[in-house]
Amino acid sequence: MRDTVLLFASRDLCYESNRHFVVCLEEAFEQAGYPVEVCDLSWDMEEQLKAVLARQKNYLAAFDFNSLLPRLEFEDGTPFLELFCVPFFNYLVDHPLYHHAALVREFPCYSVICIDRLHQQYAKEYYPWLKGVFCLPLGGMRAGLERSFDQKRLELLFLGTYYPEEALWQEIMEYPADRKAEVLALVERMEEDPELTQEEALAQYLREKQETLGRGAFAERLNQDYLADKYLRNQKRRQAALAAAEVGVPFTVVGHGWEGVPGLERAHISLRPGVGFAASLQVMADAKMLLNSTPGFCGGLHDRVYSAMLNHTLCVTEGSRFAREKFGAGTEMVFYNSRRPDELTEQITWLYENPDKVREIAERAWEKAVHGETWQKRVEELCRFAGLQGKAAFCK
């Protein structure tokens, strides 16, 4: 009898975030009335996959995050997903360009979930054989120990790993001349327009070069040019952190790679190494304000934003068309322009000097998130994607 939802953990994502997502999904599906089975593939992978195939008539649907399953084959060369006749959803937590090798494979029950509506458009256009391509942000998550606003001990927090741009630049410089010129051109275009996606930047570049690529070749080229996104992602993180550092507000930065970054060696700044995902939620719950940078998500938001809302923490994040359509500026969160660091410094200064306004915005955001941005709400949509309660689309 098909009555069970299967959740895979085929790999560990940054700070083991996917394992926390799996726990949240498990709880939410069970609350919705579905039995759940979790398959952790970090040990005895092939034996476990064979056992899953033997039980596949029990499963309604299966989910994984940034899954390795589309690329996994048994010793005889047979792909696992060729034998797995259950609706399978690969939840991509970053741009599909990073998952090209997992998306070029064609399987009859294979669908993808994107967290950004522009990622969804890209996946639909360049991987049309996918059974379904849906858009659904990751759910917000509460810390184990919740704190009221008055109990919070951190004024301003930044969460995220930093990889030095100099090292990434050196990697780009070592590319062959034509590839180096292309990546540098993409970086320049996206620096000038923060809402330009990398696929749009590449399309512009190819038109100027009068070079025509088919769908498959374009997707492969975008994947090869991933350092453009990675470089800008880290550049924007550093720029946002340095703008916040200028305020003089007690500032806590949590994540690997920040030691030795010029401009952060100040008395009012506390640099802490990266922590596990659950611990990062607890740190977030202890902060009055969270500074967030999400380059590459022009049509979506990082789960940090939704989690900040659920933990009564005001989120100061990059503005985008998507963010401004979904949330009120200055009413549910505060938006900044990544090209104007001086304005970000002024915004943080004003917020620090107006704690009642910070509290007001944070509480309004919590009210909105608790009714619409939880994993329980996300599972309602996942059930529809899987045909468990009809069909629906989250992002229009």
Side-chain angles (χ1 to χ4, degrees), residues 17 93-95 115-119 137-141 152 154-162 190 193-197 229 232-247 249 251-255 280-281 283-285 287-352 354 357-369 372-373:
S17 56
V93 306
D94 43 25
H95 196 293
I115 64 173
D116 179 304
R117 62 190 181 189
L118 299 180
H119 295 177
L138 297 167
M141 290 151 281
K152 294 172 179 284
L154 305 178
E155 293 293 339
L156 179 64
L157 172 68
F158 187 94
L159 286 169
T161 297
Y162 174 71
M190 291 188 287
D193 182 359
E195 297 216 35
L196 186 71
T197 66
D229 175 80
L232 287 173
R233 181 175 305 198
N234 286 277
Q235 180 191 74
K236 288 187 176 183
R237 287 178 180 176
R238 179 182 57 80
Q239 290 173 344
L242 291 178
E246 291 298 319
V247 179
V249 172
F251 183 29
T252 303
V253 179
V254 177
S280 73
L281 286 176
V283 175
M284 183 188 297
K288 295 176 183 176
M289 294 184 285
L290 175 77
L291 175 60
N292 179 67
S293 173
T294 53
F297 289 14
C298 300
L301 287 167
H302 196 279
D303 58 277
R304 279 190 297 265
V305 174
Y306 302 110
S307 293
M309 297 170 74
L310 280 175
N311 285 285
H312 303 273
T313 298
L314 183 148
C315 187
V316 182
T317 189
E318 288 171 279
S320 67
R321 286 188 296 272
F322 175 86
R324 293 179 186 278
E325 288 170 13
K326 192 166 178 60
F327 300 108
T331 58
E332 293 159 340
M333 62 184 60
V334 173
F335 300 123
Y336 70 88
N337 186 331
S338 61
R339 297 184 67 192
R340 298 175 181 170
D342 291 346
E343 287 187 7
L344 174 58
T345 302
E346 292 172 4
Q347 286 173 303
I348 293 173
T349 300
W350 187 89
L351 290 167
Y352 181 63
N354 292 272
K357 188 64 175 178
V358 173
R359 182 204 310 268
E360 176 187 322
I361 297 172
E363 290 310 303
R364 238 187 330 256
W366 177 86
E367 186 68 28
K368 185 162 186 173
E373 310 298 346

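This structure is a prediction, so every number in the text was calculated from the model and none was measured.
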Do the side chains of [Y] and [X] get nearer than 4.5 Å, heavy atoms only?
X: L344; Y: L291; result: yes
X: S293; Y: R237; result: yes
X: P194; Y: R339; result: yes
X: C298; Y: R321; result: no
X: P137; Y: L301; result: no
X: K288; Y: L351; result: no

Check for a donor-acceptor pair, side chain of [X] on one end and backbone N or O of [Y] on the other, with a separation under 3.5 Å.
X: N311; Y: T313; value: no
X: H119; Y: V93; value: no
X: T349; Y: V247; value: no
X: T161; Y: G255; value: no

Can you name the closest pair of heavy atoms from [X] and [Y] and give their distance?
X: M333; Y: T317; answer: SD-CG2, 3.8 Å
X: F335; Y: A329; answer: CD1-CB, 3.5 Å
X: A365; Y: M309; answer: O-CE, 3.4 Å
X: N234; Y: Y162; answer: O-CE1, 3.4 Å
X: A240; Y: Y336; answer: CB-OH, 3.7 Å
X: G296; Y: D116; answer: O-OD2, 4.1 Å

Distance (rounded to the nearest 0.5 Å) between [X] [atom1] and [Y] [atom2]:
X: S320; Y: E325; atom1: OG; atom2: CD; answer: 8.0 Å
X: M190; Y: L232; atom1: CE; atom2: CG; answer: 5.0 Å
X: Y306; Y: K368; atom1: OH; atom2: NZ; answer: 10.0 Å
X: M141; Y: M284; atom1: CE; atom2: CE; answer: 8.0 Å
X: L157; Y: E155; atom1: CG; atom2: CD; answer: 11.5 Å
X: K357; Y: T331; atom1: NZ; atom2: OG1; answer: 8.0 Å

Check your understanding: Under the criterion side chain to side chain contact (heavy atoms under 4.5 Å, CB included), which of N292, V334, L290 is the partner of V316?
Key -> V334

Review point. Between R364 and E367, is there a side-chain N and carboxylate O pair less than 4.0 Å apart?
Key: no

Study note, to complete from the structure: Sorted by chain and number, sequence neighbours left out, side chain to side chain donor-acceptor pair (under 3.5 Å) with H95 holds for E199

Review point. Could you walk me through whether L281 and S307 pass the side chain to side chain contact (heavy atoms under 4.5 Å, CB included) check?
Key: CA-CA 8 Å; L281 286 176; S307 293; 3.9 Å; yes

Practice item. Mind jotting down which residue pairs meet the salt bridge (charged side-chain N to carboxylate O under 4.0 Å, His left out) criterion with at least one end in residues 296-319? Sequence neighbours excluded, please. Key: K236-E318

Exercise for review: Output every pair passing salt bridge (charged side-chain N to carboxylate O under 4.0 Å, His left out) with a member in residues 342-352, not counting sequence neighbours, ordered by first then second residue.
Suggested key: R340-E343

